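Residue numbers start at 1 and run along the sequence shown. Predicted model, so just to flag it, every value in this text is computed and none were measured. The figures that follow rest on heavy atoms only: side chains count, while hydrogens, waters and symmetry mates do not.
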Amino acid sequence: MPTARYTAAGNRRQGDGTHGQGRQTGPGQDDRPSTKTSLALPSADASDLRVCGRAEKDYERCLTWIKPSFLCGWATKEGQETVLAVEIAREGFDWALANSELSHYVRGVHPDRGTWQQRLRRSPARVQWDPERDLRLNRLTYRSLQLGLSGEAARRYADEWAVSIRDVTPLARRIHELVSAGRLDDAAELLPLETPYPVGT
């Protein structure tokens with residue numbers, strides 16, 4: 001997995017922070033780390049991806065999240081002890097973005113709160129912007145995209161878009177060990193290379 005120093009990666013973030021970025025594997029595919037323990041499978045087989053922690057595929061009653069940022073808590077949070085790099089088809093990620101709604105009401109973006117609520121209920125995907133973190137998980141001034149999937153989007157994510165799944169928990173824990181020891185430069189060297197995501201190209 002290509003890596004890059006965190007400081008260098010941070011310098012590539014441009015403008016007001018309203019773009020997304022992640023590790024990209026080439027034309028047509030995009031590598032998106034996820035921190036959901038419920039996604040961890042003994043075989044880590046994309047053909048048997050389960051969402052929301054249920055063996056049965058109950059897409060309508062659950063929400064699963066794609067988190068492009070690797071800085072995700074180092075697999076230390078309860079219920080998020082496994083970090084998986086889920087490689088998905090680029091067209092799938094683009095479809096989810098195109099069919100998403102903001103997870104919160106924004107005056108000036110939505111006509112009114114009622115309209116936003118209706119759109120959110122109908123949408124198979126929702127966009128949430130959470131604060132990005134530094135190596136010590138302190139909040140930074142810009143935010144990272146998280147994409148929540150349910151219904152059709154969750155089904156297609158599990159059954160169509162997922163190309164491969166890699167367990168990168170050991171890498172996350174090793175980085176955490178280095179950060180805890182104050183070896184920030186060494187930890188930064190191990191971070192996956194992330195680049196701005198070219199939406200619509």
Side-chain angles (χ1 to χ4, degrees), residues 1-6 8-10 12-13 19-53 57 62-97 125 127-128 130 132-135 137 143-149 153-179 186-199:
M1 178 183 295
T3 60
R5 292 182 57 82
Y6 183 74
R12 286 196 297 272
R13 301 178 191 268
H19 69 276
Q21 67 181 43
R23 193 178 101 75
Q24 299 172 51
T25 57
Q29 293 178 358
D30 197 2
D31 200 1
R32 301 283 164 178
S34 172
T35 61
K36 298 295 288 185
T37 303
S38 58
L39 290 177
L41 304 175
S43 62
D45 184 352
S47 67
D48 191 31
L49 179 64
R50 297 180 177 90
V51 295
C52 305
K57 296 178 178 179
C62 65
L63 190 67
T64 192
W65 290 89
I66 296 175
K67 300 182 179 184
S69 173
F70 188 78
L71 297 175
C72 53
W74 309 132
T76 60
K77 295 181 180 179
E78 183 178 356
Q80 298 184 5
E81 294 90 353
T82 300
V83 182
L84 300 180
V86 181
E87 185 178 3
I88 68 173
R90 184 181 297 274
E91 59 266 25
F93 192 78
D94 288 345
W95 185 95
L97 285 178
V127 167
Q128 179 171 305
D130 285 356
E132 181 58 284
R133 308 278 175 167
D134 64 15
L135 281 168
L137 302 185
R143 293 176 178 266
S144 289
L145 178 145
Q146 296 190 41
L147 192 60
L149 308 178
R155 178 190 63 77
R156 298 183 68 179
Y157 170 60
D159 296 340
E160 301 175 19
W161 302 340
V163 175
S164 67
I165 304 172
R166 296 194 312 280
D167 186 349
V168 293
T169 307
L171 173 61
R173 291 178 176 166
R174 176 55 180 161
I175 294 173
H176 181 236
E177 290 174 357
L178 292 172
V179 171
D186 292 335
E189 295 286 353
L190 297 181
L191 288 174
L193 176 63
E194 296 180 350
T195 56
Y197 185 78
V199 177

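Taking Gln128 as the reference, Asp130 meet the side-chain hydrogen bond (donor to acceptor under 3.5 Å, both in side chains) condition, with sequence neighbours excluded. Not counting sequence neighbours, the partners of Arg174 by the side-chain hydrogen bond (donor to acceptor under 3.5 Å, both in side chains) test are Glu177.
Taking all atoms of both residues into account, the shortest heavy-atom contact from Thr169 to Val83 is OG1-N, 2.9 Å. Closest approach of Ala125 and Ala96 over heavy atoms only: CB-O, 3.6 Å. In this structure, Arg166 and Glu87 approach most closely via the heavy-atom pair NH1-OE1, 4.5 Å. Taking all atoms of both residues into account, the shortest heavy-atom contact from Trp161 to Ala153 is CZ3-O, 3.7 Å.
Note that the CG atom of Leu178 and the CZ atom of Arg173 stand 14.5 Å from one another [nearest 0.5 Å]. Here Ile88 contributes atom CD1 and Ile66 contributes atom CD1; the two are 4.0 Å apart, rounded to the nearest 0.5 Å.
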Please step through side-chain contact (heavy atoms from CB on, under 4.5 Å) for the pair Leu147 and Phe93, ending with a clear verdict. CA-CA 9 Å; Leu147 192 60; Phe93 192 78; 3.9 Å; yes
Full working for side-chain contact (heavy atoms from CB on, under 4.5 Å) between Ile175 and Leu191: CA-CA 8 Å; Ile175 294 173; Leu191 288 174; 3.8 Å; yes
